[in-house]
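Fair warning: this is a prediction, and the values are worked out from it, not measured in the lab.
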Amino acid sequence: MPSVSDPDPSLSEEDIDDLLYFARTNSLSELQETLSNLSTSHSAPPPSLQPLLLLSHAVDPSTGNSALHMASANGHVEIINYILSLFSDPDSTPGLEEGGAGGGKKELLNMQNKAGNTALHYASLNGHLSAVKALITAGADPSIQNSAGHEAAFEAERAEKAEVAEFLLGLARGRDGDGVDKGDEDQLELNGEEGKVVDGEDEGGQVKELEKGIDKLSTNGTKP
């Protein structure tokens, strides 16, 4: 199962911070400009592939969150679609699409941060149905469990995001043939404390709420 990779040594801490910030604040033009500027300082592979490789390595070393995590947590579908559009036709770039340099599309989609959460977990927990559908359509795996043993559907139900929970549970029924796994049903009956998406999680894998601010993620589905 794909997991967090170490940040690219060629990216500075400031570069990573900028890319993650633009992804979580829905600043598409700034994200594209930054990627373009960074791409000019790299000689290989071809410049057309540089933005994808840079984003694949732009991972917060403390949380393991990627740009896709940040965009998904805030429901920024435009950013999500842009990141996914960087994957070329597998016939022309088989190495990238099949998990070569920089990782493949599904690897990036299903990348787990240090608490085991994927971009889909974040989008689901915050109730961003459009983002959830974009990720699922692109190939995100809804069966991945975080460090707490929770799938994205459970996180959505726990946070009372009914539309997202119903959508994901519908996928689970189709996946399992005759309904949700018994383990998932038991989880959904727990009615645990509502979770919130921000910049990190506690040691048990549960998402923790941090102090609100311009640089923090939304906790109520609104943009910062």
Side-chain angles (χ1 to χ4, degrees), residues 1-2 23-24 26 65-85 105-113 115-202 204-210 212 216-224:
M1 179 182 299
R24 76 173 181 249
N26 206 26
N65 286 329
S66 67
L68 192 60
H69 280 93
M70 297 292 94
S72 300
N74 273 328
H76 298 324
V77 177
E78 187 177 22
I79 300 289
I80 293 171
N81 287 336
Y82 167 68
I83 293 174
L84 298 179
S85 75
K105 184 176 184 178
K106 287 189 177 181
E107 181 176 355
L108 184 62
L109 277 166
N110 297 321
M111 177 184 289
Q112 293 174 267
N113 64 13
N117 287 307
T118 64
L120 183 61
H121 279 95
Y122 270 2
S124 301
L125 184 62
N126 231 15
H128 298 304
L129 184 58
S130 294
V132 167
K133 289 182 176 180
L135 293 168
I136 289 292
T137 299
D141 184 353
S143 70
I144 294 175
Q145 297 182 353
N146 60 20
S147 298
H150 299 162
E151 294 184 3
F154 171 69
E155 295 293 0
E157 195 276 345
R158 188 171 70 114
E160 299 181 357
K161 308 302 182 183
E163 284 189 331
V164 172
E166 290 171 5
F167 173 75
L168 291 174
L169 288 173
L171 293 179
R173 293 186 188 98
R175 187 175 73 228
D176 300 333
D178 59 353
V180 183
D181 287 341
K182 183 61 170 64
D184 292 334
E185 291 175 346
D186 290 342
Q187 276 192 344
L188 292 173
E189 291 172 358
L190 293 178
N191 293 324
E193 181 182 355
E194 180 177 347
K196 295 179 183 296
V197 174
V198 282
D199 278 337
E201 299 84 5
D202 62 25
Q206 301 299 311
V207 179
K208 65 180 181 180
E209 182 178 8
L210 300 180
K212 293 181 180 178
K216 303 301 179 185
L217 294 179
S218 166
T219 61
N220 61 5
T222 59
K223 297 179 176 62

Heavy atoms, side chains only, cut-off 4.5 Å: are [X] and [Y] in contact?
{"X": "I80", "Y": "L135", "result": "yes"}
{"X": "E166", "Y": "L169", "result": "no"}
{"X": "L129", "Y": "K133", "result": "yes"}

Next on the checklist: Pairing donors with acceptors under 3.5 angstrom, does anything connect the side chains of N146 and E155?
Outcome noted: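 Yes - a donor-acceptor pair under 3.5 Å links their side chains.
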Distance from [X] atom [atom1] to [Y] atom [atom2], nearest 0.5 Å?
{"X": "L168", "Y": "K161", "atom1": "CG", "atom2": "NZ", "answer": "14.0 Å"}
{"X": "I83", "Y": "K105", "atom1": "CD1", "atom2": "NZ", "answer": "12.0 Å"}
{"X": "L109", "Y": "T137", "atom1": "CG", "atom2": "OG1", "answer": "10.5 Å"}
{"X": "E157", "Y": "S124", "atom1": "CD", "atom2": "OG", "answer": "12.5 Å"}
{"X": "Y122", "Y": "N113", "atom1": "OH", "atom2": "CG", "answer": "4.5 Å"}
{"X": "S130", "Y": "E78", "atom1": "OG", "atom2": "CD", "answer": "13.0 Å"}

Checklist entry - Can you list the residues that meet the side chain to side chain contact (heavy atoms under 4.5 Å, CB included) rule with T118, with sequence neighbours excluded? => result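 Expected list: Q112, L120, H121, I144.
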Checklist entry - Ignoring hydrogens and geometry, is there a side-chain-to-backbone donor-acceptor pair from H69 to N117 under 3.5 Å? => result yes
Next on the checklist: Strictly distance-based, threshold 3.5 Å: is any side-chain N or O of N110 a donor or acceptor partner for the main-chain N or O of K106?
Outcome noted: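 A pair under 3.5 Å: yes.
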Minimal non-hydrogen separation, [X] against [Y], with atom names:
{"X": "H128", "Y": "N74", "value": "NE2-C, 3.4 Å"}
{"X": "A153", "Y": "A165", "value": "O-CB, 4.2 Å"}
{"X": "A131", "Y": "S72", "value": "CB-O, 4.4 Å"}
{"X": "A134", "Y": "L84", "value": "O-CD1, 4.4 Å"}

